[in-house]
Enquirer: 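Starting off with a structure, shown below.
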Amino acid sequence: MTTSETGTGAVPRLFALIRALADAPSEGSRVTQLAKSVGLTQATVHRLLQSLMAEGVVEQDPRSKLYRLGVDFFALAARAGNPGDLRTLCRPALLRLCGSLGDTIFLLVRSGFDAVCLDRSEGPFPIRSFSGDIGGRIALGVGQGAMAILAFLPEAEREEVIRFNLSRVREYGVFDEVYLRTEIEQVRKSGYAGRNTGLLEGMAGVAVPILDREGRAVAALSVGTISDRLNPERMPTVVSLLKREAEAIGPKIHPFDSTLRRPAQRLSGAAP
């Protein structure tokens, strides 16, 4: 970078360009488009891009000549981590929901083809759940929290999970592919997974997905309770409270939070 570009005036321009690249289509963007986005001349944008490429945080597709953020940029962001990981971020919501509803609240996070219980806040009613205590694992599609995550995955990922998990969910006795796909479609339409009767006798549950900034389901907030407490009259209230908390959490999720990639590692330090 030249001496004239190292002053404080260059920093806002560099970050404006990085933000424009972040907002660009996944295949990248042309100099003309970037210049228009940041309000600079094409020559200035080209010069800044060359400086960022020299640092490895921007790359240019050799065929299309489009510019995009490079792997090194994402590596730096991942190394920076997030002081408020998903469990820490969601803990106040779990306590609020538990206090308001008087039921047990679960935080489940996706881990490959499974959902893992990352945290829970215990209500006064004795319950049973598929995921059990913190650290419990269940196949995506079994139980309300795991179903909420599965239903709101991108289509290609959802199809891959269904193919892999179909034999696993059949172990519970009442699942087949038609049933599973029908349930998924219903959850996608309603925005939540909820039943006041289920595979665990006397137990009921309802869950909503937590979506990241790209609309991808990474986790779920779930209520576990006894069937009598999740009747048709109460269900809308419970769903409304869950959705409100989930919608507040989603935009705050750090895309490089290691909890989303390695939940088991985060659980090693989780309080009971």
Enquirer: Are any of the side-chain heavy atoms of Ile134 and Arg120 separated by less than 4.5 Å?
Expert: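 Touching, per the 4.5 Å side-chain cut-off.
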Enquirer: Can you find a pair of side-chain heavy atoms, one from Ile184 and one from Ile162, that are under 4.5 Å apart?
Expert: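 Ile184 vs Ile162: side chains touch.
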Enquirer: Give the minimum heavy-atom separation between Ser29 and Leu34, together with the two atoms involved.
Expert: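 Minimum heavy-atom separation between Ser29 and Leu34: OG-CG, 3.8 Å.
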Enquirer: Which heavy atom in Gly112 sits nearest to a heavy atom in Leu140, and how many Å separate them?
Expert: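 Closest pair (atom of Gly112, atom of Leu140, distance): O-CD1, 3.7 Å.
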Enquirer: If you measure from CD on Glu247 to CG on Leu242, what distance do you get to the nearest 0.5 Å?
Expert: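 These two atoms lie 11.0 Å from each other.
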Enquirer: Tell me the salt bridge (charged side-chain N to carboxylate O under 4.0 Å, His left out) pairs involving residues 183-194, sequence neighbours left out?
Expert: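 Counting only pairs at least two positions apart or across chains, the salt bridge (charged side-chain N to carboxylate O under 4.0 Å, His left out) contacts touching residues 183-194 are Glu183-Arg195.
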Enquirer: Drop me the distance from Ile138's CD1 to Ser111's OG, to the nearest 0.5 angstrom.
Expert: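 It is 13.0 Å, given to the nearest 0.5 Å.
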Enquirer: If every non-hydrogen atom of Asp72 is compared with every non-hydrogen atom of Glu55, which pair is closest and at what distance?
Expert: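 Closest heavy-atom pair between Asp72 and Glu55: OD2-O, 4.4 Å.
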Enquirer: Is there a chain of hydrophobic side chains (I, L, V, M, F, W, Y, each step under 4.5 Å between heavy atoms) that links Phe152 to Phe164?
Expert: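 Phe152 and Phe164: one cluster.
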Enquirer: Using 0.5 Å steps for rounding, measure from the CG atom of Leu49 to the CG atom of Leu14.
Expert: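 It comes to 9.5 Å.
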Enquirer: In terms of hydrophobic clusters joined by side-chain contacts under 4.5 Å, are Leu101 and Leu95 together?
Expert: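 No; tracing contacts between hydrophobic side chains, which count when under 4.5 Å, never links both residues.
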Enquirer: In sequence, state the C-alpha distance, the side-chain angles, and the governing distance for Arg13 and Val38, and then conclude on side-chain contact (heavy atoms from CB on, under 4.5 Å).
Expert: CA-CA 8 Å; Arg13 292 186 296 174; Val38 299; over 6 Å; no
Enquirer: Using 0.5 Å steps for rounding, measure from the CE atom of Met235 to the OG atom of Ser190.
Expert: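 Met235 atom CE to Ser190 atom OG measures 9.5 Å (nearest 0.5 Å).
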Enquirer: Can you name the residues that form a side chain to side chain contact (heavy atoms under 4.5 Å, CB included) with Thr41, not counting sequence neighbours?
Expert: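 In terms of side chain to side chain contact (heavy atoms under 4.5 Å, CB included), with neighbours along the sequence ignored, Thr41 is linked to Ala43, Thr44.
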Enquirer: side-chain contact (heavy atoms from CB on, under 4.5 Å) between Asp114 and Arg168: does it pass, once the steps are laid out?
Expert: CA-CA 11 Å; Asp114 296 338; Arg168 302 173 71 200; 2.8 Å; yes
Enquirer: Any sub-3.5 Å donor-acceptor pair from Arg213's side-chain atoms to Pro251's backbone N or O?
Expert: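 Here the side-chain-to-backbone pair exists.
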Enquirer: Do Ser37 side-chain atoms and Gln33 backbone N/O form a donor-acceptor pair below 3.5 Å?
Expert: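 Yes: the side chain of Ser37 pairs with the backbone of Gln33.
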Enquirer: With a 4.5 Å limit on heavy-atom distance, are the side chains of Glu160 and Phe113 in contact?
Expert: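 In short, these two side chains touch, coming nearer than 4.5 Å.
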Enquirer: After noting the C-alpha distance and the side-chain angles of Arg163 and Glu177, does the key distance pass the salt bridge (charged side-chain N to carboxylate O under 4.0 Å, His left out) rule?
Expert: CA-CA 9 Å; Arg163 286 194 298 271; Glu177 186 170 357; over 6 Å; no
Enquirer: Below 30° counts as parallel, above 60° as perpendicular, anything between as tilted: where do the rings of Tyr67 and His46 land?
Expert: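 Perpendicular.
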Enquirer: Any side-chain heavy atom of Leu241 sitting closer than 4.5 Å to one from Leu97?
Expert: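 In contact.
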Enquirer: Under 4.5 Å between any side-chain heavy atoms of Leu180 and Met147, yes or no?
Expert: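 The answer is yes, as the side chains (C-beta and beyond) meet within the 4.5 Å cut-off.
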Enquirer: Just wondering, do Ile249 and Leu221 contact through their side chains at under 4.5 Å, heavy atoms?
Expert: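 Yes, close enough: below the 4.5 Å cut-off.
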Enquirer: State, yes or no, whether a side-chain contact exists between Leu107 and Ile210 at a heavy-atom distance under 4.5 Å.
Expert: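 Contact flag for Leu107/Ile210 side chains = yes.
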Enquirer: Atom CD1 in Ile105, atom CG in Asp119: separation rounded to 0.5 Å?
Expert: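 One finds 11.0 Å between CD1 of Ile105 and CG of Asp119.
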Enquirer: Run the side chain to side chain contact (heavy atoms under 4.5 Å, CB included) test against Glu27 and tell me which residues pass, sequence neighbours left out.
Expert: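 Glu27 satisfies side chain to side chain contact (heavy atoms under 4.5 Å, CB included) with Pro25, Leu66 only.
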Enquirer: Are Arg110 and Val218 side-chain neighbours, meaning at least one heavy-atom pair lies under 4.5 Å?
Expert: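 Sidechains of Val218 and Arg110: no contact.
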Enquirer: Roughly how far apart are Asp23 CG and Ile18 CD1, rounded to 0.5 Å?
Expert: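 Result: 12.0 Å between the selected atoms.
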Enquirer: Between Phe106 and Leu108, what is the shortest heavy-atom contact and its length?
Expert: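 What the structure gives for the nearest pair is CB-CD1, 3.6 Å.
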Enquirer: List the atom of Arg216, the atom of Pro154, and the distance in Å for their closest heavy-atom pair.
Expert: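 For Arg216 and Pro154, the tightest heavy-atom pair comes out as NH1-CG, 3.4 Å.
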Enquirer: Spell out, as yes or no, whether a donor-acceptor pair under 3.5 Å connects the side chain of Arg234 to the backbone of Arg229.
Expert: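 A pair under 3.5 Å: yes.
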Enquirer: Taking all non-hydrogen atoms of both residues, which atom of Gly145 and which atom of Ala220 are closest, and how far apart?
Expert: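 Nearest pair, atom of Gly145 first, then Ala220: O-CB, 3.5 Å.
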